[in-house]
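Here, residue 1 is the first one in the sequence, and each next residue gets the next number.
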Amino acid sequence: MIKIMTAPELRSLMDRGEDFVLVNVLDEESFAKERIHGSYNVRQSRDDFVNAVEEIAGGKNRPVVVYCANKICQASPKAAINLERAGFTDVTDFEGGMAEWKEAGYEVETGNPSSIS
């Protein structure tokens, strides 16, 4: 079963300096428009999605948090399932995504990032 996280829980992880990889699984255009600071962009629909995340994380044992647009968006739950099936040991879906992050009043980055696309 996939673990679920809320915006305050994610903020707390970040504030504590926990070691994890934050992955925005939306398309490059959405990522360029807005994203959570420190997140990587790996589109969930990529053929090499799992390999790309493993490369960023440096292995399958590092905690990974995935997110997309909102609770209705199915990209992050699909991404989390795919990562777990591929052998990742600590995967969490921040299911509220960008909508919940902004609702909570947390900062959002905009503009062209350096991303993996």
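With contacts defined as side-chain heavy-atom distances shorter than 4.5 Å, the pair Ile56/Arg62 does not qualify. Using a 4.5 Å heavy-atom threshold, the side chains of Asp90 and Phe20 count as separate.
Looking only at atom types and distance, the side chain of Ser12 has no donor-acceptor partner in the side chain of Asp15 under 3.5 Å away.
Applying the ring-ring contact (aromatic ring centres under 6.0 Å, His included) test to pairs two or more places apart or on separate chains, those with a residue in residues 91-110 are Trp101-Tyr106.
Put simply, the side chain of Glu9 gets close to the backbone of Thr6: a donor and an acceptor are under 3.5 Å apart. Without hydrogens or angle criteria, Arg35 side chain to Ser30 main chain gives no donor-acceptor distance under 3.5 Å. Remark: the backbone N or O of Ala86 is paired with a side-chain donor or acceptor of Lys60 at under 3.5 angstrom. Within the 3.5 Å criterion, the main-chain N or O of Ala7 finds a donor-acceptor partner in the side chain of Glu100.
More than 12 heavy atoms of other residues, nucleotides or ligands shown are found within 6.0 angstrom of CD on Glu107. Under a cut-off of 6.0 angstrom, the local environment of NZ in Lys33 is sparse, with at most 12 non-hydrogen atoms contributed by other residues, nucleotides or ligands. Applying the 6.0 Å contact sphere to CG of Asp47 captures no more than 12 heavy atoms from other residues, nucleotides or ligands.
Closest heavy-atom contact between Tyr67 and Met98: CE1-SD, 3.6 Å. Heavy-atom minimum distance, Thr92 versus Met5: CG2-CB, 3.4 Å. Closest of all the heavy-atom pairs between Ser76 and Val66 is O-CG2, 3.5 Å. The two residues Met14 and Ile36 have their closest heavy-atom pair at CE-CG2, 3.9 Å. Minimum interatomic distance between Glu28 and Asn41 (heavy atoms only, all atoms of both residues): CA-OD1, 3.4 Å.
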Q: Go through the steps to decide whether Ser39 and Asn24 satisfy the test side chain to side chain donor-acceptor pair (under 3.5 Å), and finish with yes or no.
A: CA-CA 6 Å; Ser39 56; Asn24 177 309; 5.2 Å; no
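Leu13 and Ile4 fall into different hydrophobic clusters, where Ile, Leu, Val, Met, Phe, Trp and Tyr residues are linked whenever their side-chain heavy atoms come under 4.5 Å apart, directly or through other members. Leu83 is not connected to Ile2 by any chain of hydrophobic side-chain contacts under 4.5 Å among Ile, Leu, Val, Met, Phe, Trp and Tyr, and they are in different clusters.
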For residues 68-75, which side-chain donor-acceptor pairs fall under 3.5 Å, sequence neighbours excluded?
| residue | atom | partner | partner atom | Å |
| --- | --- | --- | --- | --- |
| Asn70 | OD1 | Ile72 | N | 3.0 |
| Asn70 | OD1 | Cys73 | N | 2.9 |
| Gln74 | NE2 | Ile72 | O | 3.4 |

